[in-house]
Every structure is written in C-alpha cells, then in structure tokens.
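A short worksheet on the structure shown next.
In the text below, chain A, chain B and the rest are named by the order of the sequence lines, each starting its count at 1.
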Number of protein chains: 2
Amino acid sequence: MSWSSQEARLAERPTGRPDASTWDITTVEVPDPEPGQFLVKVDLISLDPAMRGWLNDVRSYIPPVGVGEVMRAFTSGEVVASQHPDFAVGDAVSGVLGVREYALSDGKGVTKLDLDVAPAATWLGALGMPGMTAYFGLEDVGRAQPGETVLVSAAAGAVGSTVVQLAKAKGCRVIGVAGGPEKVAWLRELGCDEAIDRREGNLVRQVRRAAPDGVDVYFDNVGGELLDAALANLARGARIAICGAIASYNEESLPPGPSRYMSLLVFRATMQGFVVFDYEDRYPEAVAAIARLVDQGQFVATETTLVGGVAGFPEALLGLFDGVNTGKLLLQA
Amino acid sequence: MSWSSQEARLAERPTGRPDASTWDITTVEVPDPEPGQFLVKVDLISLDPAMRGWLNDVRSYIPPVGVGEVMRAFTSGEVVASQHPDFAVGDAVSGVLGVREYALSDGKGVTKLDLDVAPAATWLGALGMPGMTAYFGLEDVGRAQPGETVLVSAAAGAVGSTVVQLAKAKGCRVIGVAGGPEKVAWLRELGCDEAIDRREGNLVRQVRRAAPDGVDVYFDNVGGELLDAALANLARGARIAICGAIASYNEESLPPGPSRYMSLLVFRATMQGFVVFDYEDRYPEAVAAIARLVDQGQFVATETTLVGGVAGFPEALLGLFDGVNTGKLLLQA
C-alpha cells in the first residue's frame with residue numbers, strides 16, 4: 001500500500017519576499033514503513049520566522065534547505081502505520097517532518113506528545129520551540145530579575161507572547177510592542193504593563209515614555225528601528241537578547257545595522273545572540289516551568305490556526321511576515 | 001604672586017571635525033594656592049579619542065565639557081607650590097587637570113607618580129587610562145583565554161598596542177589592524193602574529209585570511225567597516241569588547257551601525273560595551289600586572305610626544321584622529 005501525500009518543495013531560492021516561483025507544490029506516493037520506520041499523518045505545520053533564513057544559501061546555525069528538497073518545518077501529527085518498536089499507531093508525535101501530509105520517520109528527533117498536558121498546537125507553541133526560545137532567551141541570555149523592566153518586540157507573536165507571560169510571572173515590569181490597535185489591546189489583556197503600537201512611529205519617544213527609568217532587558221525578535229529605539233533607552237547594565245530580526249528577513253541586501261550600538265558603551269550593556277537548539281538538554285526544565293504556569297492559570301497559550309493544507313503554505317508563510325497571527329501561527333496540513 | 005598660564009577653552013561645540021573656531025586659547029593669571037590647595041606645572045597633556053565625545057552635548061557616561069570651560073584632559077606634571085598636607089613641591093603627579101600650563105588642585109583625583117617605576121609619559125599611557133582600558137577590556141569584557149585568537153583594531157594606538165602585548169603575554173594568537181605599512185611593520189615588531197593594513201580595504205577577506213578559524217575576541221576601538229568585518233568572521237561563542245568607535249567620532253550624524261550584527265546569533269556571540277572608570281577599584285591590579293611585564297621585558301611602552309604647548313592642542317587633537325601616533329599620543333604643555 002502507499003499513501004498519497006502533498007508536499008511543498010523549494011523550487012528556487014527567493015531574493016527578498018518568497019513568491020509563487022519559490023515553491024513547487026506536488027503530490028508523491030509515500031510507501032508503507034519498512035522495519036525501524038513509522039509513518040506520520042501530519043496534522044499541524046508550524047510557521048516560524050526562522051524559515052526565511054533556512055531558504056538562504058549562507059553559512060548559518062543550520063544548513064539551508066536544498067533546492068528540490070521538502071521545506072523544513074516543525075509539525076505535529078499521528079502515527080498511522082509503524083514497524084518501529086517505540087512508536088505505535090495512534091501515538092501523537094511532533095518533530096521536524098517538513099511541509100507535507102505524510103512523513104516516514106526512523107524516530108530521530110521525533111517526540112511523543114502527552115495530549116493530557118496540552119493539545120498538539122500548544123506543543124508546537126508555548127511548549128515547543130517558541131516556548132523554549134522565550135524561556136532560555138529571558139532566563140539565560142536576558143537574565144531578567146524581578147522588578148526589572150523587560151521590553152519585548154513582536155510581543156503578540158509565538159515567542160513574544162510567551163516572553164511577556166514568563167516575565168510577568170517573574171515579577172518584571174513588561175512592555176510589549178506589536179503592530180496595530182487590536183494586538184496592542186490583546187497585549188494589555190495578556191498582562192503587559194505598557195503596550196506600544198509600532199505602526200504609530202516615534203519609537204524612541206514611545207519607548208522612553210513606557211520605560212522612563214530605562215530598559216533592563218530587551219528581548220529582540222525584530223531588529224530594525226525598534227532595536228535602535230531600545231538602544232537609546234537602556235538602563236545601566238542592560239542585556240539585549242538577539243533572538244531574531246523579522247523586520248529584515250525579506251530584505252534583498254543587508255539593511256543598516258543598529259546606529260546606536262555605541263549605547264552599549266554608554267550604558268555598559270551587553271547584546272548577545274542565541275540559538276535555542278543549544279539548550280536542548282534543558283528543554284524539560286522549560287517545559288515543566290511553562291506547564292506549571294499553565295496549571296496555575298498564570299499562562300494562556302494562544303495559537304492562530306490557518307486552513308488551506310500544504311497548498312496554502314506559501315500564502316501562510318507570507319501571513320507570518322505580515323503579522324496575521326496572534327500567538328503561535330499554525331497551518332492545518 | 002601669580003602664575004601666567006595658557007589654557008585651551010571650549011569656544012563652541014564642533015559639528016563634525018573640530019577646527020580653529022572650536023577653541024579659545026587664552027592666558028590667565030593663576031594665583032598662589034590657598035590652604036588645602038597646591039599648584040601643578042603641567043608637563044604632559046594626554047590626547048585621547050574619548051575627548052571628541054566630551055565635546056558633544058549629549059547624555060553619556062560623563063558630562064560634556066561646558067562651553068567656556070577649560071578642555072578636560074589627563075595630564076602629568078610637578079607640584080611647584082603647595083599648602084596641601086599630602087603634596088609637596090617637587091612631587092610628580094597625574095590627574096585630570098585640563099589643557100593648561102598651571103593648575104590649582106585640592107588633590108581630588110590627583111595621584112603621586114613613582115618615577116622609579118616608569119617615566120611620567122608611561123603613567124599616562126600603558127600604566128594610565130589607556131593601559132587600564134586595555135587590561136579590563138581584554139580580561140573582564142573579552143575574557144581572552146590562552147590559545148584564543150584576538151583581533152585588535154587601532155592596534156598601533158595607546159590602547160591597542162597595550163592589548164596586543166597583554167594578549168601575546170597570555171598566549172593568545174594576536175591579529176592587529178592599523179593604517180599604513182609603517183604601522184603594520186611596527187605591529188609585527190610588537191609581536192602580532194598577523195598584521196592587517198586597513199587602508200588596503202577588503203577587510204572581510206583580510207580578516208578571514210588572518211583568522212581562518214574565526215575570531216574569539218575582538219577588541220574594538222574603531223567601529224565602522226572593521227566591526228562588520230569582525231562580525232563576519234567570529235568563532236562560536238566570540239566576545240566583542242566595545243571600547244570606542246574612533247572611525248565615527250567626527251561624523252555629523254549617526255553613521256550606519258554594524259549591518260552584520262545578526263552574526264551574534266549565528267555565532268552565539270556577545271557584544272559588550274564598557275567604560276574604564278567602572279574598574280577604578282581594580283586599577284592597582286592592572287598596574288601591577290603591566291609593570292611586571294615591563295620588568296620581565298615582555299612589554300614595551302611606546303609614546304609619541306608632540307611639542308607645541310597648549311597653543312598646539314587643536315592641531316595635536318586632529319593628529320590623533322589622523323593617526324599620527326604610534327602608542328600613546330602626548331603633547332608637551
């Protein structure tokens with residue numbers, strides 16, 4: 001028997017914003033699993049800003065997706081056939097299985113999900129990579145302490161909304177930045193002490209007003225103008241955790257860097273980049289901490305799930321960069 | 001009795017490069033010291049890149065020099081009259097006494113110099129602020145370890161030439177960057193394993209060739225294009241110590257920041273600014289360490305001393321930005 005599976009392959013590397021010519025949506029026949037393998041019916045595909053970087057043929061923290069290869073993606077799904085001793089039909093799993101409907105796996109990098117703890121969508125969000133990123137960026141890189149002021153960009157996104165809630169739970173004063181009045185209103189519901197609409201401009205002034213004593217920790221998901229606005233408003237000894245730069249991921253050339261980086265000297269501050277995969281050994285610590293907050297009602301995991309299947313992936317990815325989501329953005333496979 | 005003293009006052013704040021209209025060179029009569037005071041005949045005036053920043057009316061790590069005030073400067077000199085219990089006529093001293101020939105002091109911030117350890121010029125260089133800056137930037141901010149690759153910009157200058165020698169003494173592989181073939185040749189004499197002439201351009205490629213396994217510590221005195229070249233060639237876990245940005249100090253507007261700052265993420269690297277005054281409690285540790293290397297013949301203190309007196313200060317300061325000096329740049333008062 002075989003399984004008909006739609007998949008999204010990288011047809012050609014985009015310059016700037018990906019478009020229709022970037023992707024090749026095609027259907028293949030996936031065979032039954034051989035001994036040591038199992039087959040997953042993918043239910044949810046995770047859309048992550050990092051995906052844009054994976055399309056560039058440059059040296060980075062992970063090799064790029066090759067032209068002709070299935071697009072790399074975190075997914076969740078259900079085992080529908082198995083010749084693997086550790087995975088049984090009906091198991092809920094997550095792993096980097098790609099933008100496809102059916103995936104064969106030997107189990108490497110695939111985790112069984114406990115759906116009693118949280119639904120699969122949350123295992124891709126607050127309890128998945130975005131949650132891990134938020135936790136280690138805030139705790140280890142940002143070293144946020146109770147009472148400190150934490151500024152978070154893309155605060156309505158998957159990572160940002162987790163940072164906001166973790167920082168509030170720690171007793172920090174939290175300033176969230178997002179695009180548009182709806183997201184700003186949502187950030188206030190989420191517990192932000194101050195919420196800034198980046199579309200209103202004047203970011204240096206907006207950050208100064210929200211953080212008159214300066215920013216102790218800036219969790220940076222966007223780069224661009226907001227990074228400069230944060231640099232202009234640091235507290236002494238501030239830490240900037242560089243998690244991403246979504247504002248520039250679709251630029252065709254390197255955008256100007258942060259003009260105000262010499263603020264690092266004036267404020268004796270640190271700017272540090274990190275990659276969540278380095279913390280793999282400590283994921284259980286982060287999952288336990290976030291799950292405990294969920295249990296205590298101090299944390300709300302939020303996801304936006306798009307329909308459209310694998311064929312809807314190209315548009316869904318652009319939606320991510322346009323900020324259509326609140327919380328984690330997912331696509332039903 | 002009174003003492004006729006030439007002094008350089010800030011006449012107006014420069015935009016861009018300081019020029020004749022920036023300064024007011026004038027002669028005043030300095031009275032004899034009153035009880036609790038002493039009078040210093042200034043012999044040497046230190047020329048430091050930080051001076052340019054002190055002319056800008058902006059919030060920084062130290063208040064700006066006020067219009068009409070004597071220009072702030074580190075100096076060394078000799079006590080020529082005293083009504084202070086701790087300072088006697090004939091004492092050699094250093095302190096922030098300003099660009100002037102004679103200075104009254106109450107002793108605050110003034111240190112007696114032991115000329116048996118080193119001449120006054122060295123107390124303003126390798127054993128003064130530049131030396132302290134080099135030591136704490138390399139040890140505490142850069143956290144250089146034996147065997148690591150250390151890249152140093154403005155390596156022929158006061159701070160840079162000290163960093164080079166301290167790093168070599170630690171057992172690091174040291175790459176120095178300076179402007180022009182004479183300085184590059186001098187850097188090799190100083191012990192640099194590789195020396196780069198920034199005027200030859202292609203800095204990304206030049207740094208890559210000199211550090212094929214990446215840069216572990218970048219001690220940045222200049223900013224600009226070289227900072228980007230360093231970012232492009234980091235080793236994993238690299239540390240960038242932001243000490244200064246002399247390349248842009250005379251710019252009229254903020255220059256573009258480091259475009260490649262996202263390398264901090266790729267290489268899990270840290271960029272940290274520091275101000276030497278924060279390490280004041282530990283200056284004795286640094287002085288002892290550098291003096292010991294001098295004693296052991298592992299360190300050569302180098303100074304370039306200009307003549308021209310206080311009236312020559314405007315030109316001498318521009319010489320600093322044009323890189324006329326090897327090692328510490330001083331002006332005879």
- Given side chains that start at C-beta, do those of R208(B) and V204(B) come closer than 4.5 Å, heavy atoms only? yes

- At a heavy-atom separation under 4.5 Å, does R236(B) approach chain A through its side chain, its backbone, both, or neither? side chain

- Would a distance-only check, ignoring hydrogens and angles, find a side-chain to backbone donor-acceptor pair under 3.5 Å from E69(A) to G66(A)? yes

- Query: Is there a donor-acceptor pair closer than 3.5 Å between any side-chain N or O of E200(B) and the backbone N or O of I196(B)?
  - Reply: no

- D19(B) vs T22(B) side-chain heavy atoms within contact, under 4.5 Å: yes

- Note on the structure: Tightest non-hydrogen contact, residues V152(A) and A155(A), listed as O-CB, 3.6 Å

- Task: Can you see which heavy atom on I290(B) is nearest to which on A126(B), and at what distance?
- Result: CD1-O, 3.4 Å

- Item | Nearest atoms (heavy-atom pairs only) where A156(B) meets A178(B) | CB-CB, 4.1 Å

- Message: Assess whether a salt bridge exists between D48(A) and R72(A), defined as any Lys/Arg side-chain N lying under 4.0 Å from an Asp/Glu carboxylate O.
- Response: no

- Message: Could you check whether any side-chain N or O of R239(A) sits under 3.5 Å from a backbone N or O of G237(A), counting only pairs where one atom can act as donor and the other as acceptor?
- Response: yes

- For chain B, which residues of residues 49-56 of chain A have at least one non-hydrogen atom nearer than 4.5 Å to it? none

- Please report the shortest heavy-atom distance between K328(A) and S46(A), naming the atom on each side. NZ-OG, 2.7 Å

- Query: Looking only at heavy atoms, what is the nearest atom pair of P18(B) and L318(B), with distance?
  - Reply: O-CD2, 3.6 Å

- Message: Determine whether a donor-acceptor pair (N or O, by modelled atom type, separation under 3.5 Å) exists between the side chain of E148(A) and the backbone of Q145(A).
- Response: yes

- Query: Do I240(A) and L231(A) touch side chain to side chain, with heavy atoms closer than 4.5 Å?
  - Reply: yes

- Residue pair V207(B) / I175(B), side-chain heavy-atom distance below 4.5 Å: no

- For the student: nearest non-hydrogen atoms of R13(B) and P64(B), plus distance: NH1-CB, 4.1 Å

- Message: Does atom CZ (R205(B)) have a neighbourhood of more than 12 heavy atoms from anything else shown, all under 6.0 Å?
- Response: no

- Message: I'd like to verify something: which residue of S60(A), G257(A), A245(A) has the highest number of heavy-atom pairs under 4.5 Å with chain B?
- Response: G257(A)

- In plain terms, say whether R173(B) and E194(B) are close enough for a salt bridge, that is, a side-chain N and a carboxylate O under 4.0 Å apart. yes

- Task: Could you list which of residues 131-142 of chain B have a heavy atom closer than 4.5 Å to any heavy atom of chain A, in residue-number order?
- Result: none

- With a 4.5 Å heavy-atom cut-off (strictly below), which parts of residues 258-275 of chain B touch chain A? List them by number. P258(B), S259(B), R260(B), Y261(B), M262(B), L264(B), L265(B), V266(B), F267(B), R268(B), A269(B), T270(B), M271(B), Q272(B), G273(B), F274(B), V275(B)

- Message: Using only non-hydrogen atoms and a strict under-4.5 angstrom cutoff, which residues of residues 212-228 of chain B touch chain A?
- Response: D220(B), G223(B), G224(B), L227(B)

